[in-house]
Visitor: 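Here it is, the structure in full.
No hydrogens, no waters, no symmetry mates; every other heavy atom, side chains included, goes into these values. Note on naming: letters A, B, ... go to the chains in the order of the sequence lines (proteins, then strands), and numbering restarts at 1 for each one.
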Amino acid sequence: MSSDDMALRVTALHKTYRLGLADTHLREAVTRRVRHPFRARQRERFAALDGVSFEVPAGQALGIIGRNGAGKSTLLKIISRITHPDSGTVEIWGRIGSLLEVGTGFHPELTGRENVFLNGSILGMRRREIATKYDAIVDFAGIEQFMDTPVKRYSSGMMVRLAFSVAVHLDSEIVILDEVLAVGDSDFQAKCVNKIEAITLQEGRTALFVSHNMTPIRRVCERVVVLDRGRVVFDGSTEDGISSYLADGAVAGKQSVDVQLMASAQGDDVISSLRAGSPLQLRVRIDGRNLEKTPLVISIVSKEGSILAQFNSKDLSPVQVDSGTPSPWIVALTVPSLDVPGGHHEVHVAARAPSGRLAEIGAPARLEVTETPGVTDNAGPQSPYLREASTG
Amino acid sequence: MKPTELAAAAVSRPPTVRIGPRTGGPRIELRELWSYRDLLLMLAVRDLKLRYRQTALGVVWVVLGPLLSAGIFTFVFSRVAKLQSEGIPYFLFAFSGTIAFGVFNNLVTRVSNSLTGNVPLVSKVYFHRLVLPLATALSTLVDFGVGVALLALVMVQDRIRPGLGILTFPLWLLLIVAIGLAAGLVAGAATVRYRDVGVVAQLLVQMLLYVSPVAYSASAVPGSAKLFFEINPLVGALNGFRWALFGTRSLDVGPVIYSVVVGMLSLPLSLYLFRRIERVFADVI
C-alpha cells in the first residue's frame, strides 16, 4: 500500500510497564537509595503491547476489540500521543481527534457554553471553529436551555451528551472512539451510533472504534483487529473477527455453538419474530458440554446495543433435551412472557466460566418483536429499568 | 503511473505525525506550542473565571492580600523598627515590594501545581504540555495587572511621579517572571514524580520573602551580610522594579547583572528540564 491512501500505520509497537507502586514521595526514594545505593529497584514488568502492527487505509472504520488488559488502551494512548512506545513507530496522515474519555477537562464550575469552548480547544479545535459549530453542538446535545448553567448542576446524562456532542463535531481526518457508547440513555445512544455511522460512511473519515459492545462494531466497522495480551491475534473481516473473539471465550473454546429461538416448548418451529408479551423458548447447544449445569445469561439487546431485558438460566427452569448424537447436549430455557418494546433485537447468550467471567457464546440470534396493539405505544423503551435510566 | 512515479508520490506525502520511542534530547517545539495558543488562552481564562467566580468580593481578594501584608509591614518595620524606605512613604514602598514578590510567589506555587492539578488532561489528551504552566503564568499576570493598577492609585494619592525609569518597568517584570517561571517549571515537573516537591517549593518561597528586599530596603543590609544577601537573584530584580517606579535611589549594578544572568540561564534550562521530564508525565502522574 502506498502512503497516498494511508491514514495510519502501526509498526512493531512495544510498550512495557513496570508493575507496583513507584516512589511517589521523596522520602521513600531517598531511604531506598540510602539503604541500597547500588541496587536498581526490581519491579515486575508487564508487556502491554508486544509487537503490534497494522495499517488503516484512509476512510476505513476499524474496530479494535479485545478483553480488558489486552492492550487496547495503551495502543490508543500511543496513537493519540499521550505516551511513547518503547520501540516501534506509529505514522499518522492527517489530524487525529481522540475521544479517549468523553468530557475530559469539563469543569463543574463553568457553564455549559464555557465548557464547550474549553473542551473543544482541549480536543484541538480553534476558537473560531468552535464558534461556527456551536449551534450544531448544542442542537445535537439537545440541552439549549441549560447552556448558561454551571455544569455542576447538570445531571450526569446531560453532561455526557454535551461532552459527546463536542467531540463528534471535531473535524479531524481520523477519529478515535473509545467506549464512547457506554453513556447516555438508549435514545441518545441510538443518536450516537447514527452519528458515528455518518462520520465513517458518509463523511469518509477514518475511525478507530474500541468497544466491548459488539453490536455497534458490527454496524460501523468493515474490519476488526483483535488484541490479546498485547498481540494482534486476528486482523480481517468484522464478522470473522467477532466470532474469533467470542469463540476465544473461556467457555466456548473452539466448540460449535448454536442458539435457536422457538415459540413454545411444544413443536420444533424455529422463529425469528414474536409478539411482545408472548413466551419465548431458547434452545442452546454447545458440543460436548453439559449446559444444564453451566449458568447462562440471556440478554435481549436492541439494535443500538442497549440491554432491554436480561435473564439468568437458573430462573428459567432449564430442561435438558437429548437431541441424540452427535450433539447430545441441548438446554431449553423458557421465558414465560417477553416484555420488551417492539423492534429488531438480538438475543445474546453468555456463559459463566469457572473463573467467574462472563463470556458471550455463539453469534446472537435475531429476533423481531412486534408490539401488541393498544397495549404499548410505539416509541421508547418500556422496561421499568430503562424508564428510570432515561430520566436520570 | 509507472512504479517510479508511484514511489515518488509516496515520498511526497510523508506522515503528518510520526510517533516513536523517545530518543535524543528534548526540544521545546515553539512552533507546535504556538499552534496551541487558543487552548493556552482558554485555560488562562478558565483559571481567572474560577478564581473570581462564586466569591462575593471577586477581584478584591487579589489586592487584599498584598494590601494587608503591606499594612502589617508598615506597622512592624516603619512604626516599630523605624526602618528607612528610600525617601518614599513606607506603605508605598512595602506595597510595591509585595506586589512584585507576589508575582514570583504566585508563579512558583501555581505553576508548580499546574500539572498535578490537571491530571485528567495530562493523562487523557495530547497537547503541548508547556501550555498548562504557561496558561497559569498568564492568569497570574492578570492578577499582577490588578495590583499595579491599585499601586498607581496609591501613587497618585501620595503625589509621587515616576521618572523616565518607568520605561524600564516591563524589563523588571520580565526578569521576575523569568525567574519565577523557571522555578515553577522545575518544581512542577518534579511534583509529577514526587508530590512533596510542591510543598517544599512553597516553603522556600515563604522563607525567601524575608531575605528579599520586600519589606526593607537593600541598602539597609549591613556590608558584612551583603554578599550573602545578594546570592538571592531576586534582589537585583526587586531593586530594579522599585527604581523604575520611584527612581529614588541610584541602582546597584552588580545585583542587577547577576539577576539578569540567572534569569537568562535558568529559564532555558528549566524549559529543557521540563520537556525532558515531561515525556513520562502520562505514565507516572
Side-chain angles (χ1 to χ4, degrees), chain A residues 1-4 6 8-11 13-15 17-18 22-29 77-96 98 100-101 103-107 109-110 114-115 117-130 150 173, chain B residues 1 3 5-23 35-43 45-47 49-51 53-54 118-129 131 135 190-197 199-200 278-285:
Chain A
M1 212 183 299
S2 86
S3 68
D4 273 333
M6 188 79 80
L8 179 79
R9 184 191 285 144
V10 175
T11 316
L13 218 52
H14 286 265
K15 172 94 182 171
Y17 284 105
R18 280 174 298 177
D23 302 319
T24 52
H25 286 269
L26 269 177
R27 189 165 54 94
E28 297 165 21
K77 272 192 169 179
I78 292 173
I79 293 176
S80 47
R81 303 176 70 188
I82 293 162
T83 186
H84 292 266
D86 293 338
S87 67
T89 55
V90 175
E91 291 157 292
I92 300 163
W93 286 266
R95 191 159 76 134
I96 206 155
S98 162
L100 280 201
E101 195 160 282
T104 299
F106 259 53
H107 200 288
E109 295 289 343
L110 299 179
E114 289 164 343
N115 268 311
F117 279 88
L118 178 62
N119 192 238
S121 48
I122 285 171
L123 295 175
M125 275 192 259
R126 305 301 311 273
R127 212 157 15 131
R128 190 178 304 170
E129 198 183 333
I130 308 168
E173 288 88 358
Chain B
M1 240 192 281
E5 280 172 298
L6 263 176
V11 170
S12 72
R13 206 172 150 265
T16 323
V17 182
R18 191 192 180 90
I19 303 159
R22 343 180 169 102
T23 47
S35 74
Y36 283 101
R37 59 192 182 279
D38 274 11
L39 176 60
L40 197 146
L41 207 65
M42 298 292 297
L43 287 171
V45 170
R46 177 192 74 169
D47 277 4
K49 277 180 179 161
L50 294 176
R51 207 173 302 147
R53 189 169 291 177
Q54 283 223 341
N118 288 295
V119 173
L121 288 192
V122 174
S123 59
K124 298 286 181 200
V125 192
Y126 173 80
F127 50 85
H128 197 300
R129 298 299 184 216
V131 165
T191 307
V192 171
R193 195 61 186 261
Y194 300 113
R195 293 287 192 266
D196 27 18
V197 173
V199 185
V200 173
E278 180 227 289
R279 298 157 160 190
V280 295
F281 279 173
D283 291 340
V284 299
I285 201 165

Visitor: What's the separation between atom CE in Met42(B) and atom CG in Leu110(A), rounded to the nearest 0.5 Å?
Guide: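 Separation between the atoms: 9.0 Å.
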Visitor: Out of curiosity, Leu123(A) CG to Tyr126(B) OH, how far, rounded to the nearest 0.5 Å?
Guide: 14.5 Å
Visitor: What pair of heavy atoms forms the shortest contact from Ser87(A) to Pro21(B), and how long is it?
Guide: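 Reported closest heavy-atom pair: CA-CG, 3.9 Å.
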Visitor: Which heavy atom in Gly20(B) sits nearest to a heavy atom in Pro85(A), and how many Å separate them?
Guide: O-CD, 3.4 Å
Visitor: May I ask you to decide if Leu39(B)'s main-chain N or O and Ser121(A)'s side chain share a donor-acceptor pair within less than 3.5 Å?
Guide: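 Between the backbone of Leu39(B) and the side chain of Ser121(A) there is no qualifying donor-acceptor contact (under 3.5 Å).
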Visitor: Can you tell which of Glu109(A), His107(A), Glu114(A) makes a side chain to side chain donor-acceptor pair (under 3.5 Å) with Lys49(B)?
Guide: Glu114(A)
Visitor: Identify the heavy atoms of Ser123(B) and Lys77(A) that sit nearest to each other, and give their distance.
Guide: O-CE, 3.6 Å
Visitor: Any sub-3.5 Å donor-acceptor pair from Asp38(B)'s side-chain atoms to Arg126(A)'s backbone N or O?
Guide: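 Such a contact is absent between Asp38(B) side chain and Arg126(A) backbone.
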Visitor: Name the region of Leu8(A), side chain, backbone, both or neither, that has any atom closer than 4.5 Å to a heavy atom of chain B.
Guide: neither
Visitor: Heavy-atom pairs under 4.5 Å with chain B: which of Ile122(A), Asp86(A), Ile78(A) has the most?
Guide: Ile122(A)
Visitor: Taking every heavy-atom pair that is under 4.5 Å apart, which of Arg81(A), Met125(A), His14(A), Lys15(A) has the most such pairs with chain B?
Guide: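 Looking at each option in turn, the highest pair count goes to Arg81(A).
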Visitor: Return the OG1 to CD1 distance between Thr89(A) and Ile19(B), rounded to the nearest 0.5 Å.
Guide: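 One finds 9.0 Å between OG1 of Thr89(A) and CD1 of Ile19(B).
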Visitor: Check whether Leu40(B) gets within reach of chain A through its side chain, its backbone, both or neither, counting any heavy atom under 4.5 Å.
Guide: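 For Leu40(B), there is no contact with chain A at all, as no heavy atom is under 4.5 Å.
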Visitor: Hey, could you give me the CG/CG distance between Leu118(A) and Leu41(B), rounded to the nearest 0.5 Å?
Guide: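 So the CG of Leu118(A) and the CG of Leu41(B) are separated by 11.5 Å.
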